[in-house]
Amino acid sequence: FCIVLTSMINKRAVCRRIYGAKDTLKDYTVCIFNPPSETLNPDIYYEQFKYYGEIVLVSIILNNGPLLEKLAEMKETEIKLEYLRRIGLDEDINTIGVIGTPFWKKILSCLGFKENIKVSLKKKLRQLKIEVSVLLQKKYSAVRVYITFNHQSKKKKCLKSCNGSDGENKVSGTKVL
């Protein structure tokens, strides 16, 4: 019985040590919901929150999802073009009836690739560049701010000081979690 009890106590102690070692960024990070949308400079948040402890990182999340999606699509298209250049696929593949045409070109042609793939991708890339340039002209605003402290106790100090009983920030009315 003593061996079982000792084993259970040791297991709990080990579990507590393992759990304590599994800290993640959320254990050190304060999230500000609905920050002032025009405040895009991380230094401003750094100056406001450095009182609570050493800050490791300030991240400002913008409402620029469509821009990021277009940039990713543009990068993917550039990678495809580079791949085509490397394998030497520069000629027109619409050669289904020509004798001596490689089988893979006939298959691609049957699958609907009627125009030169490289030309098609270049058209797509030009269109994406136009769309990205338009999206870059748009003014984006902050939707969340994450402030990461160097220690969990600093996060707790910040939360205790910033939040009222209803979780609203005492100064600006923004929600701090």
Using a 4.5 Å cut-off on heavy atoms from C-beta on, say whether the side chain of Leu136 contacts that of Val134.
no
Within the 4.5 Å heavy-atom criterion, are Leu81 and Leu125 side-chain neighbours or not?
yes
As an exercise, state the distance from OG of Ser120 to NZ of Lys80, rounded to the nearest 0.5 Å.
9.5 Å
Specify the closest pair of heavy atoms between Ala142 and Leu40, including all atoms of both residues, with the distance to one decimal.
N-CD2, 3.7 Å
Looking at side-chain heavy atoms only, is the closest gap between Lys129 and Met74 below 4.5 Å?
yes
Would you compute the distance between atom OG1 of Thr77 and atom NZ of Lys122 and round it to the nearest 0.5 angstrom?
13.0 Å
Rounded to the nearest 0.5 Å, how far does CG of Leu57 lie from CD1 of Ile147?
10.0 Å
Please round to the nearest 0.5 Å and tell me the distance separating atom OG of Ser37 and atom NZ of Lys139.
9.5 Å
Face-on cation placement of Lys156 at Tyr52 ring, 6.0 Å and 45° thresholds:
no
Could you tell me whether a side-chain N or O of Ser161 sits under 3.5 Å from a main-chain N or O of Lys157, the two making a donor and an acceptor?
no
Between Arg144 and Cys31, what is the shortest heavy-atom contact and its length?
CD-SG, 3.6 Å
Let's go through Asn150 and Ile55 carefully: what are the C-alpha distance in whole Å and the side-chain angles of both, what is the deciding distance for side-chain contact (heavy atoms from CB on, under 4.5 Å) to 0.1 Å, and is it a yes or a no?
CA-CA 6 Å; Asn150 70 333; Ile55 295 173; over 6 Å; no
To the nearest 0.5 Å, atom CZ of Arg126 lies from atom CD of Glu131 at 13.5 Å
Do Ser133 side-chain atoms and Ile130 backbone N/O form a donor-acceptor pair below 3.5 Å?
yes
Check for me, please, whether Ile79 and Leu121 land in the same ILVMFWY cluster - side-chain distances under 4.5 Å, paths through other members count.
no
Run Val145 and Ile61 through side-chain contact (heavy atoms from CB on, under 4.5 Å) and show every step you take.
CA-CA 6 Å; Val145 176; Ile61 310 305; over 6 Å; no
Distance from Lys154 atom NZ to Thr148 atom OG1, nearest 0.5 Å?
15.5 Å
Taking side chain as C-beta onward, heavy atoms only, is Lys75 less than 4.5 Å from Leu71?
no
Could you go through the side-chain contact (heavy atoms from CB on, under 4.5 Å) check for Tyr140 and Leu67 one step at a time?
CA-CA 10 Å; Tyr140 296 103; Leu67 172 62; 3.6 Å; yes
Trace of the side-chain contact (heavy atoms from CB on, under 4.5 Å) decision for Tyr146 with Ile32
CA-CA 6 Å; Tyr146 293 96; Ile32 302 172; over 6 Å; no
Determine, using the 4.5 Å side-chain heavy-atom cutoff (strictly less than), whether Ile44 and Val30 are members of one ILVMFWY cluster.
no
Looking only at heavy atoms, which two atoms of Leu135 and Lys70 are closest? And how far apart?
CD1-CG, 3.7 Å
So, for Thr29 and Lys155, which heavy atoms are closest and what is the spacing to 0.1 Å?
O-CE, 3.3 Å
Do Thr39 and Tyr45 have side chains that approach each other closer than 4.5 Å (heavy atoms only, starting at C-beta)?
yes
